[in-house]
Amino acid sequence: IRRQRQMCIRDRHKPAQLYLASKSPRRRELLTQWGLNFEVLLNPFDDVSEEPLANEEPIDYVTRVAAEKALSVDSYIQTAGMTRLPVLASDTIVELDGEILRKPADKVDAFKTLKKLSGKTHRVISSVAVIDKNRKLLQDTSISQVQFRELSADEIQEYIATEEPMDKAGAYAIQGGAAKFVQSFNGSYSGIVGLPKLVTFSLLQNCGITLLG
């Protein structure tokens, strides 16, 4: 299988500092803002199942998936004989009362999800996994709380019409049109977007990588 690769270069005079095991444009944007050069490996982790295991707790689920993505890419790098660089993977879920609210399957599903979040406080759990140059797995997890105000059916429908919810965990983007739904939040804003800054900084510093942002 031919693997897709994409370079994300902030400073073209410097080589890539790490491999990003993520298809999320939001994570790419954050890493670029933080001053990193990185190479995206788009599909070495396509065989990683994102189905929760039986009786798996949300935090255990997100931690496992992030680690499996990083390990899958690391295995591919070894097989392909690629330059050894740290591998960064992350997974983010929205959890309400123990239920994982995943990316909506369609607009009806998106409406149901946003209706569940209306007027309630939910958790956004983002786990970051890094494999260093010695193939050691480093991992940490950020948990944030987000409170939505009461949402009318018309507001929800108008938001869904923008198509923004369709590829987002929990059917919303705090950095986008759903910002007006958020009454308050406690925790990591970037973690709610999809990549917690302080957690990522700490893990990458252990690999000798310093972020500028």
Side-chain angles (χ1 to χ4, degrees), residues 1 3-8 15-95 100 102-103 123-144 169 187-188 190-213:
I1 299 174
R3 300 300 186 179
Q4 298 179 43
R5 299 164 65 176
Q6 178 178 336
M7 296 294 291
C8 293
Q17 297 162 282
L18 59 89
Y19 297 114
L20 174 63
S22 176
K23 299 177 183 179
S24 167
R26 294 162 292 281
R27 293 190 181 111
R28 297 179 205 177
E29 290 167 5
L30 287 169
L31 288 177
T32 300
Q33 289 173 16
W34 299 340
L36 283 172
N37 283 356
F38 55 95
E39 182 172 348
V40 181
L41 295 182
L42 291 176
N43 58 354
F45 53 87
D46 280 347
D47 57 347
V48 174
S49 174
E50 296 193 9
E51 287 297 321
L53 303 176
N55 302 314
E56 188 173 33
E57 294 293 327
I59 192 167
D60 295 329
Y61 165 81
V62 72
T63 301
R64 174 180 60 81
V65 171
E68 288 182 356
K69 288 179 179 179
L71 291 167
S72 178
V73 169
D74 180 71
S75 178
Y76 168 70
I77 290 168
Q78 295 299 312
T79 302
M82 294 169 59
T83 302
R84 165 54 54 187
L85 296 172
V87 176
L88 171 67
S90 183
D91 196 61
T92 299
I93 61 169
V94 171
E95 178 256 320
I100 298 174
R102 304 169 73 180
K103 296 177 182 179
R123 297 198 304 172
V124 179
I125 308 175
S126 287
S127 188
V128 182
V130 172
I131 298 180
D132 66 17
K133 292 182 180 181
N134 298 316
R135 305 193 70 185
K136 179 181 178 182
L137 175 64
L138 310 172
Q139 190 162 14
D140 200 359
T141 301
S142 168
I143 301 177
S144 302
S188 168
S190 61
I192 299 169
V193 174
L195 191 63
K197 184 175 184 178
L198 293 181
V199 166
T200 304
F201 271 38
S202 178
L203 292 174
L204 291 180
Q205 282 178 343
N206 286 332
C207 299
I209 297 174
T210 301
L211 285 75
L212 301 178

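Bear in mind that the values here come from a model prediction, so they are computed numbers and not experimental data.
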Begin from the C-alpha positions of Lys69 and Asp91 and carry the test side-chain contact (heavy atoms from CB on, under 4.5 Å) through to its verdict. CA-CA 9 Å; Lys69 288 179 179 179; Asp91 196 61; 3.2 Å; yes
From the options Ile93, Ile192, Ile143, select the one residue that forms a side chain to side chain contact (heavy atoms under 4.5 Å, CB included) with Arg123. Ile143
What is the minimum heavy-atom distance between Pro52 and Arg102, and which atoms define it? CD-NH1, 3.7 Å
Checking Ile131, Ile209, Asn134, Leu20 against Pro86 for side chain to side chain contact (heavy atoms under 4.5 Å, CB included), the one that qualifies is Ile209
Do Arg26 and Leu195 touch side chain to side chain, with heavy atoms closer than 4.5 Å? no
Mind checking side-chain hydrogen bond (donor to acceptor under 3.5 Å, both in side chains) for Thr200 and listing every partner two or more places apart, or none if nothing turns up? none
May I ask you to test the Phe38-Thr32 pair for a side-chain heavy-atom distance under 4.5 Å? yes
Hey, are the side chains of Ser22 and Leu88 touching, using non-hydrogen atoms and a 4.5 Å cut-off? no
So which heavy atom on Ala89 is nearest to which on Ala66, and how close? CB-O, 3.6 Å
Apply side-chain hydrogen bond (donor to acceptor under 3.5 Å, both in side chains) to Gln139 and Ser127, showing your working. CA-CA 7 Å; Gln139 190 162 14; Ser127 188; 2.9 Å; yes
Applying side-chain hydrogen bond (donor to acceptor under 3.5 Å, both in side chains) to Lys136 and not counting sequence neighbours gives none
Gap between atom CE of Met82 and atom OH of Tyr19 - 0.5 Å precision: 3.5 Å
Kindly indicate, with the supporting measurements, whether the criterion side-chain contact (heavy atoms from CB on, under 4.5 Å) is fulfilled by Arg28 and Val40. CA-CA 8 Å; Arg28 297 179 205 177; Val40 181; 4.1 Å; yes
Closest heavy-atom pair, Val199 versus Ser142, reported as atoms and distance to 0.1 Å, is CG2-CB, 4.2 Å
Is there a side-chain contact between Val130 and Asn206 in this structure, where contact means two heavy atoms from C-beta onward sitting under 4.5 Å apart? no
Heavy atoms, side chains only, cut-off 4.5 Å: are Leu204 and Trp34 in contact? no
Rounded to the nearest 0.5 Å, what separates atom CG in Asp74 from atom NZ in Lys133? 13.5 Å
Under a 4.5 Å cut-off applied to non-hydrogen side-chain atoms, are Arg27 and Ser90 in contact? yes
For Ile100, does its backbone N or O pair with a side-chain atom of Glu95 as donor and acceptor, under 3.5 Å? no
Atom pair SG/CG of Cys207 and Asp132 - distance to nearest 0.5 Å: 5.0 Å
Under 3.5 Å, side-chain donor or acceptor atoms of residues 58-65 against the rest of the protein: list the pairs with distances, not counting sequence neighbours.
from, atom 1, to, atom 2, distance (Å)
Tyr61, OH, Glu50, O, 2.6
Thr63, OG1, Ile59, O, 2.7
Arg64, NE, Glu56, OE2, 2.7
Arg64, NH1, Glu68, OE1, 3.4
Arg64, NH2, Glu51, O, 3.3
Arg64, NH2, Glu56, OE1, 3.1

Taking all non-hydrogen atoms of both residues into account, name the closest pair between Thr92 and Ser126 and its distance. OG1-OG, 2.7 Å
Under a 4.5 Å cut-off applied to non-hydrogen side-chain atoms, are Leu18 and Val87 in contact? no
Distance-minimising heavy-atom pair for Ala67 and Leu137: CB-CD2, 4.1 Å
For Ala169 and Val94 the tightest heavy-atom approach is O-CG2, 3.5 Å
